[in-house]
Amino acid sequence: MNPARNYREALAAAAEGMPAVEAARALVATMTPHEKLWCLDGDAPALLGLRDLFDDGYHKSPFPAARVERVGLPGIVFCDGPRGVVVGNATCFPVTMARGATWDPALEERIGDAIGAELRAVGATLSGAVCVNLLRHPAWGRAQETYGEDPFHVGEMGAALTRGLQRHVMACVKHLACNSMENARFSVDIEVDEVALHEVYLPHFRRVVDEGVASIMTAYNAVNGEWCGQNLALLDDVVRGEWGFEGFVISDWIFGLRDAAASLVAGLDIEMPYRMVRAQHLAAALDRGDASWADVDAAVERLVATLVRFDAIVAAPVAGPGVVGSEPHRTLAREVAARSVVLLRNRPVGGAPVLPLHPGQRVAVLGPLADVVNIGDGGSSDVWDLECRTVLDGIAAVARDVVHDDGSDPERAARLAATCDAAVVVVGYTYRDEGEYIGSTDPALAGLFPDQDEPDLIARFEAHLVERPPVVRPERLASRRRGLTEGGDRTSLRLTDEQVALVRAVASANPQTIVVLQTGSAVVVAEWIDAVPAVVQAWYGGCEAGPGLADVLFGVVNPTARLPFSIPADEADLPAFDRDATSFRYDRWHGWWHLARHGSTPAFPFGFGLSYTTFALDDVAIGLCADGSVRAQGAVRNTGPRDGADVVQVYAELPDPDAPARLVGFARIEVRSGSSARFEVVIPPGRLATRDAEARCWRPAAGPHRIVVARHAGDPGAHASTVTIAHPPPH
Ligand code: BGC
C-alpha cells in the first residue's frame, strides 16, 4: 500500500484494511512542521475570536480547529452542548440533570440521536454535550449539566448520550476531572487520593471512554497539583495508559492550559478554541527541547486517526436545516420533560391524593416562574430555542379554567388560589442563581493572551464570521441576559424568603396546593414542605417544559422519574463546599454515602420518586454466576390502579466496612396495573472491584458482598443477600 499523501488517501488506505493509526501516521509524515503545529490549537485568532465570543451572545457558530486544506484534513468543528445545540435556534431539551432523573439510558440515547442530527445540520462534527462531572454538592453552579451524584448512574447515562450522538458526530466527554465547583474552576487545585479518584471521580469517564467516545475535554481546575490540561498523571498514565483511550484530547476553552510544552507532553492534543498559548510559545519550547517533535506527531496522529475512524459518520449525508427545532424533536422534548418530573410528595386531601388534577378543575397557576421561559443557565450550554412553552402555557392548554398571578404579592395570590379547585405554585431558581460563571479574570490568565493576532488569520476569521448561521432573538428570551455574567455556585440551597412566603400563603388558602420546583439540583425544603400536600421536582424542563409537566399533573403520563441525587434535610448534613477555595480535598464521601455515614436521614433519598400507582418487588433472587458476575432477578408487581414503571436499583455493600456502598445496576421496568414484569440485573465482576492504592490497579474485593435490591437508597423494603467473592488464585 502506498503511503497516504492526503486525507482522502488515508481514508482509502483505512478502507482497504490499514489500521487507522497507521494511515494517520503515514499522512502526518507528509505534513509540514507548520501544518502539524496548526493542528494543535483552534483555527481562530485569540483576540478577535474573544471579541466575537462575547459580542452579541456566546457561541454563535461552531468552533473549527485543525483544518489543513493542502492535505484535505477536515479537522474538527465543535459545538456545545448538553441540553441541545447552542448554535442557531435548536430544540432545547430538558437539562441533563432532568434526564438523569429518567434513569432511562434508552431515552437518553434517543436525545443524543436528535441532538446529533441537529448538530450536523448546523455544520458541527464534534459535540460538547457529554458532561459527566459528579454532583458532589448541590451548590455546584453547573449541576444541571450533569446527570447526578452517583458514578455508575452518571456513566450509564453519559454512555447512552454518546451512543446517540455518535450516530451523527463525534462526541467529546467533559470535563476531566474533578470539576464539581464553578466559581473557583480557574484556580482551584483538587487534592484527591488514588482510591477516591478512581472509585468515585473517574468511573463515569471510563465508562464513556469504553463506549467509544471520540474525544475528551480536560477541566480548568488542577488535580493533585497540576492543571488538568497539562496533567501527565491523568492524561498519560490513566486515560491513555490504563484505559487505552485512542481518541484525542482537547482543552476547555481559553484558559484550559497554561504551559504549551507541558500540555503537549502530558498528551493534550488540541488547545481550544484559539491560537493562543501554543501559538505563542510552542515553537520556542520545541527549540529548547521542553517538548519534542515526536510529541507533536503523536498528538496530530491521534487526531487524524480519530477523524479516519469517524469519517463514515461525519461525512454521511446531513439532514436538512429543517431538522433543527423540528416537530419530532419537540415531541421528544415533551416526552422527556414529562418523563423527568419527579413526584416527591402526593398526600391525600379530602380522601384522595391531590394529583393527578382533572381537566375540568379551575386551577390557579402562581409564582414568579409560572410564566417564564426558564430553561437553564446562560453559559456555554444555553440554547436559543424560539418556541418554549411555560408552565402556564402547558396547564392552560389542558384545564377548563386557569387563572394566573406572578405571586409578587403573596396575599393577592392566595386570594386567587382560594377561588380555585387547586393551586400550582412554580418556584425555584433561574440562570441568575446557578450556572456557568466567569467572574473577574485573574491577571495571570489575562497574560495568556497574545498582544496581537497573527495578521494573516484576521482576514480568514472575518470570512468565517460572514458564513456563520444567523442568531434570531426570540422575544420571550430577550429578557434573559445572555452570556456568562451571572450564575455561578449557589449562595443558598433554599427557596428565597419571598418564595417561601408565597408557598405558605397559597397553601393556607387552598388545601390542594402543588409546589413545582424548577432547579438544577437539590433544594432544602424543610421550612415549607409540611405546609403542602404535593411537590414535584420539575427542573429546567426545556422547550416543552410546560406541556410535559401538565402531562404529569393531569395524569396523561404516570410519573416514573427518580431522584438522581439525595435531597438533604439540612445544609449541615452535606460535606463542606467552598466556592472560593484555591485548594480543596475530595474524598469518597458525598451524596447518599455521606448522609448514611453520618446517620443523617435525607428529606428524599437518592433514587426516590412516587407514581400514581404502587409497586412491590417479588421473588427476588441474588446469586453468584460461574464467571464471577452477580445476578439479581425477580419481578416488579404493579399493585395499584394504573400502568406505570418502576426503577429497580441494585446496591452493593463491599466487604470493607469502611468503603461506601455502591449503586451497581438498575433497570426501568414497565408494568401494567395488576400484573408483574420480570427484571434481571447482571453485575460484572469489575463493578465490585476496588482500587489498590499502592499498586495503582483494580482488584476484586474478595469476601462477602451484601447485594441489595431496592427501590431507592436506604429503602427499608429492600431485599438483600450476601454473595462471597473468592480470593483470586495466586499467580
Ligand atoms: C465550558 C465548556 C464548554 C466550552 C465551550 C467552557 O467555558 O466550560 O463546558 O464546552 O466553554 O463552549
Side-chain angles (χ1 to χ4, degrees), residues 41-44 46 49-50 52-54 57-65 76-88 90 95-97 115 119 122 124-133 140-147 158 161 165 169-188 205 208 213-221 227-229 249-257 268 270-274 276 376-384 431 434-439 441 445 448 468 471 482-489 520:
D41 49 22
D43 288 356
L50 192 70
D52 176 65
L53 193 64
F54 288 104
Y58 183 72
H59 214 145
K60 293 176 288 289
S61 53
F63 294 96
I76 57 170
V77 186
F78 176 96
C79 183
D80 275 313
R83 64 183 192 253
V85 177
V86 304
V87 167
V95 292
T96 313
M97 190 65 84
I115 295 179
L119 277 164
V122 304
T125 58
L126 177 62
S127 162
V130 190
C131 178
V132 296
N133 293 110
W140 179 33
R142 293 182 76 177
Q144 62 190 268
E145 289 186 55
T146 191
Y147 294 99
L161 183 69
L165 286 165
V169 289
M170 296 175 282
C172 174
V173 63
K174 67 191 187 185
H175 313 78
L176 188 95
C178 299
N179 182 181
S180 297
M181 46 207 294
E182 182 58 8
N183 290 32
R185 64 178 168 161
F186 299 124
S187 50
V188 72
F205 282 98
V208 177
V213 77
S215 173
I216 293 175
M217 182 192 291
T218 53
Y220 289 119
N221 54 276
W227 302 111
C228 290
V249 177
I250 66 175
S251 74
D252 202 341
W253 260 228
I254 305 172
F255 301 138
L257 58 92
L268 184 127
I270 308 179
E271 175 188 7
M272 290 298 284
Y274 303 132
M276 201 166 140
D377 89 333
S380 59
S381 69
D382 199 359
V383 173
W384 277 83
Y431 71 98
E434 54 181 354
E436 196 171 348
Y437 184 75
I438 293 278
T441 310
L445 293 176
L448 297 176
R468 74 180 175 204
V471 170
R482 201 161 186 235
L484 296 147
T485 48
E486 298 179 65
D489 298 315

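One-based numbering, in listed order, for ligands and for the atoms of each. These numbers come from a predicted model, not from an experiment.
With respect to H175, the side chain to side chain donor-acceptor pair (under 3.5 Å) criterion is satisfied by exactly one of T218, N133, T146: N133.
One distance of note links CD1 of I76 with CD1 of I270; it measures 4.0 Å at 0.5 Å rounding.
A donor-acceptor contact shorter than 3.5 Å is absent between the side chain of N221 and the backbone of V188. Between the side chain of D252 and the main chain of Y220, no donor-acceptor pair closer than 3.5 Å is present.
The proximity of E182 to ligand 1, defined as any non-hydrogen pair under 4.0 Å, does not occur for either the backbone or the side chain. At a heavy-atom cutoff of 4.0 Å, ligand 1 is contacted by no atom of F63, backbone or side chain. Residue E145 does not touch ligand 1, judged by heavy-atom distances below 4.0 Å.
Of all atoms in ligand 1, listed by their number and element, those nearer than 4.0 Å to a heavy atom of R185 are 7 (O), 8 (O). Interface of F78 with ligand 1, defined as ligand atoms under 4.0 Å from a residue heavy atom, comprises 10 (O). Against a heavy-atom cut-off of under 4.0 Å, Y220 is close to the following atoms of ligand 1: 6 (C), 7 (O), 8 (O). Near E436, with a cut-off below 4.0 Å to any heavy atom, the atoms of ligand 1 are 1 (C), 6 (C), 7 (O), 8 (O). Close approach of ligand 1 to M217 is summarised as follows: ligand atoms under 4.0 Å from at least one heavy atom of the residue are 10 (O). Atoms of ligand 1 found under 4.0 Å from any heavy atom of K174, numbered from 1 in the order shown, are 2 (C), 3 (C), 9 (O), 10 (O).
In terms of the side-chain contact (heavy atoms from CB on, under 4.5 Å) criterion, residue partners of T96 (sequence neighbours excluded) are, by chain and number, P82, R99, Y147.
Note on ligand 1: H175 sits in its first shell, one or more heavy atoms being nearer than 4.0 Å. Heavy-atom separations between S380 and ligand 1 include at least one value shorter than 4.0 Å.
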Just do the side chain to side chain contact (heavy atoms under 4.5 Å, CB included) check on Y274 and L53 with the steps written out, would you? CA-CA 11 Å; Y274 303 132; L53 193 64; 3.6 Å; yes
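Below 30°, between 30° and 60°, or above 60°: for F63 and F78 the angle between ring planes is between 30° and 60°, a tilted geometry.
When D80, I438, V86, I254 are checked for heavy-atom proximity to atom 10 (O) of ligand 1, D80 turns out nearest.
V383 and V85 get closest at one heavy-atom pair: CG1-O, 3.7 Å.
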